Amino acid sequence: MHKSEKIWLSLSFGMILLFMIATGYQAFALGMAPPGGMETIDPQKVDETAPFDNPGITQIGENEFEVVMVLELYRFTPADLEIPAGATVHFKLTSKDVIHGFQIVGTNANGMVMPGYVLTMTQTFTEPGEYLVLCNEFCGAGHQFMATTIIVK
Ligand code: CUA
């Protein structure tokens with residue numbers, strides 16, 4: 001084997017090893033994980049499992065809200081939310097059937113909502129306006145119609 005081949009091979013293996021150590025350190029020593037998704041739910045029993053047996057929006061503080069939302073083919077429940085400007089919203093999401101997306105256009109909020117798991121995310125809406133919420137995971141024939149809005153007044 002040529003000498004430069006050996007150098008590049010060991011460099012590549014060294015880098016792979018380094019990345020694996022870095023990822024392992026973050027996951028196991030620092031406990032880093034994707035937000036939410038640690039909580040599980042029986043996707044067959046979403047309608048009977050709290051808090052998803054009663055989806056909706058609840059005020060939990062001064063301009064702070066909790067939204068419990070169920071995603072299914074091809075809708076968001078509750079839909080067409082209205083909140084005051086400056087509100088901080090804690091979302092709790094799950095899916096009853098397949099993988100759906102939850103993207104609030106114009107914000108950083110973007111999640112994959114998987115059946116069997118509860119996704120939590122928090123978003124503060126400082127700017128008033130109408131925010132489009134889209135499913136961005138292909139979920140079936142009606143995927144392109146799966147959208148709702150959040151109106152910030
Ligand atoms: Cu739900 Cu695409």
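Index from 1, following the sequence. The shown structure was predicted, so the numbers you read here are calculated from the model rather than taken from an experiment.
The hydrophobic cluster containing V105 does not contain I83, counting ILVMFWY residues as joined when their side-chain heavy atoms lie under 4.5 angstrom apart, directly or transitively. A continuous path of Ile, Leu, Val, Met, Phe, Trp and Tyr side chains, each step under 4.5 Å between heavy atoms, connects Y25 with M32, placing both in one hydrophobic cluster.
Note that the CG atom of D47 and the NZ atom of K45 stand 12.5 Å from one another [nearest 0.5 Å]. We find the CE-NE2 distance between M112 and H100 to be 12.0 Å, quoted to the nearest 0.5 Å. Rounding to the nearest 0.5 Å gives a distance of 7.5 Å between CG of L73 and OG of S95.
By the 6.0 Å contact criterion, CG on D42 is enclosed, its count of non-hydrogen atoms from other residues, nucleotides or ligands being greater than 12.
With a 4.5 Å cut-off on side-chain heavy atoms, P84 and V152 do not count as touching. Here the side chains of L9 and M1 are in contact, with some heavy-atom distance below 4.5 Å.
Legend: side-chain hydrogen bond (donor to acceptor under 3.5 Å, both in side chains) pairs involving residues 9-24, not counting sequence neighbours: none detected. Residue pairs meeting the salt bridge (charged side-chain N to carboxylate O under 4.0 Å, His left out) criterion with at least one member in residues 73-88, sequence neighbours excluded, are E72-R75, E82-K153. Here side-chain hydrogen bond (donor to acceptor under 3.5 Å, both in side chains) pairs that include residues 53-66, with residues two or more places apart or in two chains, are E64-H90.
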Less than 3.5 Å apart, which donor and acceptor atoms pair up between the side chains of residues 124-131 and the rest of the protein, not counting sequence neighbours?
unit_1	atom_1	unit_2	atom_2	d
T124	OG1	T88	OG1	3.0
Y131	OH	E127	O	2.7

Kindly list each side-chain donor-acceptor pair under 3.5 angstrom involving residues 132-142, sequence neighbours excluded, with atom names and distances?
unit_1	atom_1	unit_2	atom_2	d
N136	ND2	Q103	OE1	3.1
N136	ND2	N110	OD1	2.9

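For the side chain to side chain contact (heavy atoms under 4.5 Å, CB included) criterion with L93, the lone passing option out of V68, V67, V70, L71 is L71.
For F52, there are no ring-ring contact (aromatic ring centres under 6.0 Å, His included) partners at least two apart in sequence or on another chain.
With T94 contributing its side chain and Y117 its backbone, the two residues share a donor-acceptor pair below 3.5 Å.
Contact detail for Q123 and F91: the closest heavy-atom pair is CB-CE1, 4.2 Å. Closest approach of P78 and L81 over heavy atoms only: CG-CD2, 3.7 Å.
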* Asked: So V113 and F76, side-chain contact (heavy atoms from CB on, under 4.5 Å) or not? Walk me through it.
  -> CA-CA 11 Å; V113 185; F76 299 87; over 6 Å; no

* Stepwise side-chain contact (heavy atoms from CB on, under 4.5 Å) check, K92 with V118 -> CA-CA 7 Å; K92 250 185 179 202; V118 177; 4.2 Å; yes

